[in-house]
There are 2 protein chains.
Amino acid sequence: MNDTKKIGGRGRPRTFDRDEALAKAQALFHLKGYDALSVADLTAAIGINPPSFYAAFGNKVALYAEALRLYEHEAGLDVESALAEGVPLEEGIASILQQAADAYASGDAKGCMVIEGARSTVDPEAGAEVRSRLEASRRFIRDRIAARGSLQAELLADYLMMAMSGLSGSARNGLPLDRLRVLAEMAADGAIQHIERK
Amino acid sequence: MNDTKKIGGRGRPRTFDRDEALAKAQALFHLKGYDALSVADLTAAIGINPPSFYAAFGNKVALYAEALRLYEHEAGLDVESALAEGVPLEEGIASILQQAADAYASGDAKGCMVIEGARSTVDPEAGAEVRSRLEASRRFIRDRIAARGSLQAELLADYLMMAMSGLSGSARNGLPLDRLRVLAEMAADGAIQHIERK
DNA sequence: TCTTTTTTGTATCATTCACTACAAAAATCC
DNA sequence: GGATTTTTGTAGTGAATGATACAAAAAAGA
């Protein structure tokens, strides 16, 4: 009944690597979404049986929450440095959308795991989890813009979320990286044009 | 075993209105998505039992296809006149995105039924149906732009689909109409800035 | 009235889902 | 070595899903 790893305990040792299994689960959740990925799919991919799965991760939605945390940590955009005080706001916005285009069109799971998860997850618990994370991302972006002294933090945060959602969807629909990059640049210009001089 | 209506046949008459039931189903599919809406939900909403449901509509995915057709017919954007030869391309693009903002933020089912369905539908058959309809929409927009003599039809179609997808997602996340309208305007300006003089 | 046709309501079916009971296995602690 | 602890594999749980079998009911045609 240990969901957090305690290496070198007493009983029978695990036959699988929990971190590896988590990474595999994260990739699968990103690829197929929460509802389309069954616990049977997960246990088969990890190579374990249901009891081992539940002993290690608690339940499906808890594993999904862990997978989301891992995704944000490993594949999250670097909004922090993009919107650092040194760089002009225009450049920061363009950088975020370029990062998004690059991230969303790379790997075999296209699009943003959080954005796509927020739109597609039916399960109430999992849906609440992923949507709250998406809202947190919006707040983070808004606060970073506001911290620079901009009076358009809400508007620009709305716009960035809208554009990232659009880029994520287009990536998921198979649009290749080069074409997605152009869209990101165009979208950034739309925002830049509406930035008021401070 | 009649999925198309034959008024005044021989046998026992229907106790419900097929068109009303279809409209109800369309609204529910738009609101909850294909997978989250069960046949039991549908029969309860219509007020019939499963055998009547299957006799009238065939099966769940066939009803979904009908609902999509109805949605496109009733709530589809007027791309045709927005991109008519008389209006400047810049205005046409702005018009499409303004129409999208208005449509996506109105009613109680937010966002575009086709765009959101394409992203969230897990069922293979229903997913293929809605995604093929989304692709058809893209082709229609691209062809309408190309018919004007623009050499940027592919690019602008990509961009419009991306922007509509973003607007649909933001609407689904609860962004109110006034704020969505501003985003649509900004997004349109991003495209307009990249239109090459003919 | 009698036959034919179609819809209706009841009562399921088989499948898939997330999740678990249970006992054997494999490690550490004393 | 014996007790304790934890994981393992087998097997199965109850709930929900899309879809149906079947016979009674209600209409039209003869």
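Just the heavy atoms: all of them, side chains too, but no hydrogens, waters or symmetry mates, feed the values below. Letters A, B, ... mirror the listed sequences (proteins, then strands); counts begin at 1.
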Is any side-chain N or O of Arg12(A) closer than 4.0 Å to OP1 or OP2 of dA25(C)?
-> no
The side chain of Asn49(B) lies closest to which of these nucleotides: dT10(C), dC19(C), dT4(C)?
-> dT10(C)
Output yes when Lys60(A) and Asp123(A) qualify as a salt bridge under the 4.0 Å nitrogen-oxygen rule, no when they do not.
-> no
For the pair made of CD1 in Ile48(A) and C1' in dC19(C), what is the distance, rounded to whole Å?
-> 14 Å
Using a heavy-atom cut-off of under 4.0 Å over every strand shown, decide if Leu37(A) touches base, sugar-phosphate, or nothing.
-> sugar-phosphate
Return the value, rounded to whole Å, for the distance between atom CZ of Phe16(B) and atom P of dT6(C).
-> 15 Å
Whole-Å gap separating P (dA18(C)) and OH (Tyr64(A)) = 14 Å
From CD1 of Ile46(B) across to P of dT8(C) the rounded distance in Å is 11 Å
Side-chain N or O of Ser52(B) closer than 4.0 Å to phosphate OP1/OP2 of dT7(C) | no
Have a look at Pro51(A) and say if it touches a base, only the backbone sugar-phosphate, or nothing, with a 4.0 Å heavy-atom cut-off.
-> base
Closest of dC19(C), dT7(D), dT7(C) to the Arg14(B) side chain is dT7(C)
Take the protein atom CG of Asp41(B) and the nucleotide atom C1' of dG18(D), then report the distance between them rounded to whole Å.
-> 12 Å
Salt-bridge criterion met for Glu129(B) and Arg133(B) (N-O under 4.0 Å) = yes
Selected nucleotide, minimal atom distance to Pro13(A) side chain, candidates dA26(C), dG18(D), dA27(D) = dA26(C)
Rounded to whole Å, CZ of Phe53(B) lies from P of dG18(D) at a distance of 9 Å
Using a cut-off of strictly less than 4.0 Å, decide whether Thr15(A) has a side-chain nitrogen or oxygen near OP1 or OP2 of dT8(D).
-> yes
Counting heavy atoms from C-beta on, name the nucleotide in dA28(D), dT28(C), dC19(C) closest to the side chain of Tyr54(A).
-> dC19(C)
Indicate whether the side chain of Asn173(B) and that of Ser170(B) have a donor and an acceptor atom separated by less than 3.5 Å.
-> no
Using atom CG of Asp123(B) as one end and atom C1' of dT15(C) as the other, report the distance to the nearest whole Å.
-> 14 Å
Nucleotide dC19(C), atom P - distance to CG of Leu42(A) in whole Å = 11 Å
So Tyr34(A) and Phe29(A), would you call those rings parallel, tilted or perpendicular, with 30° and 60° as cut-offs?
-> parallel
Inspect the contact between Glu74(B) and Arg69(B) and indicate whether a charged nitrogen and a carboxylate oxygen are less than 4.0 angstrom apart.
-> no
Sugar-phosphate only, base, or nothing, as touched by Pro50(B) at under 4.0 Å among non-hydrogen atoms | base
